[in-house]
Amino acid sequence: MPEHGRRPYISGNWKMAKTLSQARTHIEALLPLLPAGGGIEVGVCVPFTALEAVVSAAAGSDLRVCAQNMHQQDEGAYTGEVSAPMLVELGVTGVVLGHSERRLHFCETDRGLQEKVPAALAAGLQPILCVGETDEEREQGDMERRLRSQVQEALEKVPLERLAEVVIAYEPVWAIGTGKSATPEQAQEAISFVRALVGDRSRPAAEAVRVLYGGSVKAENAAELLGQPDVDGALVGGASLDPDGFAKIVAAAAP
Ligand code: PGA
């Protein structure tokens, strides 16, 4: 465990990839490649259709199985949506919220996330809240303003005593799926700013909250990014689809 006491966390985000059988095969290949001992928390965020199969394939291991979205209400007339209690009953233990692809293509808003983050916590799911600026916002010097509004709004209704349980993923939109990751210095700078934003509400929570970096993380650049003092882990998209590549990223997180 690093000195600050934050356990490194590496999570794959499969997005809309892998059918049920592909998901099962992937987990069977991945599990033997993961380090024993629990020093690093490892998760996979998988499509709804594969959740049950992945929970069952991962049974008995420490692998955390997460969804990629959820509705803030427990039930209701919301055709096509899935709620936290539905996920919990499947054995899911976490959920990605506010991924930039959901913000861009599915009108996800900070206001909506304000309900989703506490709803996930209340149901017993670990939220992975994604934040990050676009290329344009960075060029115009708006990165901090954007991160401030995303973090403050989404966390506004999280009770103080549960703030440290939220995992935040800083994912600059320009780095996602582009092959062009942030430099370690850019990741460190943005993530320490995100941590300071949490500190505006609670200093102890800011010390304990884990902030991950996401955006074109791969085996080749993981160690450098994860070596930054405030980078507590990674949310990995494309490179998580291959068990060997993903396992190498996990290995790079070893303190
Ligand atoms: P990427 O995606 O690793 O493929 O860039 C990261 C993410 O969207 O979480």
Side-chain angles (χ1 to χ4, degrees), residues 4-6 9 11 13 45 66-73 84 94-176 182 185-215 225 228-235:
H4 48 58
R6 299 187 297 270
Y9 187 15
S11 186
N13 173 20
C45 305
C66 307
Q68 298 174 7
N69 183 33
M70 57 165 241
H71 195 275
Q72 60 270 33
Q73 302 293 328
V95 60
V96 175
L97 295 174
H99 190 280
S100 67
E101 286 150 16
R102 293 216 57 85
R103 294 174 188 261
L104 179 66
H105 303 301
F106 303 100
C107 307
E108 186 88 67
T109 63
D110 291 320
R111 181 53 72 81
L113 292 165
Q114 211 170 75
E115 307 299 326
K116 287 188 179 191
V117 178
L121 285 169
L125 293 172
Q126 176 191 63
I128 304 178
L129 169 70
C130 299
V131 298
E133 81 288 356
T134 62
D135 215 356
E136 207 180 7
E137 286 163 339
R138 177 171 275 264
E139 268 165 31
Q140 292 174 352
D142 267 350
M143 177 184 88
E144 293 194 349
R145 189 191 53 78
R146 185 76 187 111
L147 291 177
R148 182 178 294 112
S149 66
Q150 287 178 328
V151 170
Q152 286 180 347
E153 265 201 72
L155 297 183
E156 196 173 306
K157 295 186 180 168
V158 174
L160 218 49
E161 68 278 9
R162 301 209 65 181
L163 207 48
E165 293 173 54
V166 179
V167 174
I168 304 176
Y170 166 66
E171 299 206 303
V173 177
W174 46 271
I176 295 177
E185 294 72 26
Q186 287 170 326
Q188 166 60 25
E189 186 195 8
I191 287 177
S192 70
F193 180 70
V194 167
R195 192 178 305 288
L197 291 171
V198 176
D200 290 342
R201 277 198 63 200
S202 158
R203 285 294 281 278
E207 281 301 307
V209 78
R210 287 177 298 174
V211 190
L212 319 181
Y213 167 77
L225 287 160
Q228 298 300 307
D230 279 288
V231 179
D232 298 320
L235 186 58

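Reckoned from all heavy atoms, side chains included, excluding hydrogens, waters and symmetry mates. Because the structure is predicted, anything quoted here is derived from the model rather than measured.
Contact between V166 and L155 at its shortest, heavy atoms only, is CG1-CD2, 4.0 Å. For the pair A169 and L235, the tightest heavy-atom approach, listed with the atom from each and the gap, is CB-CD2, 4.0 Å. Pairing each heavy atom of C45 with each of A67, the nearest pair is CB-O, 4.1 Å. The minimum heavy-atom distance between L97 and P127, with the atom names listed, is CD1-CB, 3.9 Å. Of all heavy-atom pairs between L121 and V158, the closest is CD1-CG1, 3.7 Å. Closest non-hydrogen pair, Y9 versus I128, comes out as OH-CD1, 3.8 Å.
Using modelled atom types, one finds no donor on one side chain facing an acceptor on the other under 3.5 Å when comparing Q150 with D110. Residues E133 and W174 bring a donor and an acceptor atom of their side chains to less than 3.5 Å of each other.
More than 12 heavy atoms of other residues, nucleotides or ligands shown are found within 6.0 angstrom of CZ on R162. Heavy atoms from other residues, nucleotides or ligands lying under 6.0 Å from CD of E136 number 12 at most.
Side-chain N or O atoms of S202 include none that pairs as donor or acceptor with a backbone N or O of G199 at under 3.5 Å. The backbone N or O of V209 sits less than 3.5 Å from a side-chain atom of R195, completing a donor-acceptor pair. In this structure, Q114 contributes its side chain and E153 its backbone to a donor-acceptor pair below 3.5 Å. Side-chain N or O atoms of E171 include none that pairs as donor or acceptor with a backbone N or O of G132 at under 3.5 Å. Although no hydrogens or angles enter the test, the distance criterion places a donor-acceptor pair under 3.5 Å between the side chain of D232 and the main chain of V211.
Atom OH of residue Y170 and atom CD of residue Q188 lie 12.0 Å apart, to the nearest 0.5 angstrom. Expressed to the nearest 0.5 Å, how far CG of D230 lies from CD of E189 amounts to 11.5 Å. For the atom pair CG of L212 and OG of S11, the computed distance is 8.0 Å after rounding to the nearest 0.5 Å.
Sorted by first then second residue, the salt bridge (Lys or Arg N to Asp or Glu O under 4.0 Å) pairs that include residues 115-125, not counting sequence neighbours, are E108-K116, E115-K157.
Not counting sequence neighbours, the partners of H105 by the side chain to side chain contact (heavy atoms under 4.5 Å, CB included) test are E101.
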**Prompt:** Does the side chain to side chain contact (heavy atoms under 4.5 Å, CB included) test come out yes or no for Q152 and D200, once each step is laid out?
**Reply:** CA-CA 9 Å; Q152 286 180 347; D200 290 342; 4.2 Å; yes

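Between T134 and Q140 there is no side-chain heavy-atom pair separated by less than 4.5 Å. With contacts defined as side-chain heavy-atom distances shorter than 4.5 Å, the pair R210/Q126 qualifies.
The only member of R146, R103, R148, H99 that meets side chain to side chain contact (heavy atoms under 4.5 Å, CB included) when paired with V131 is R103.
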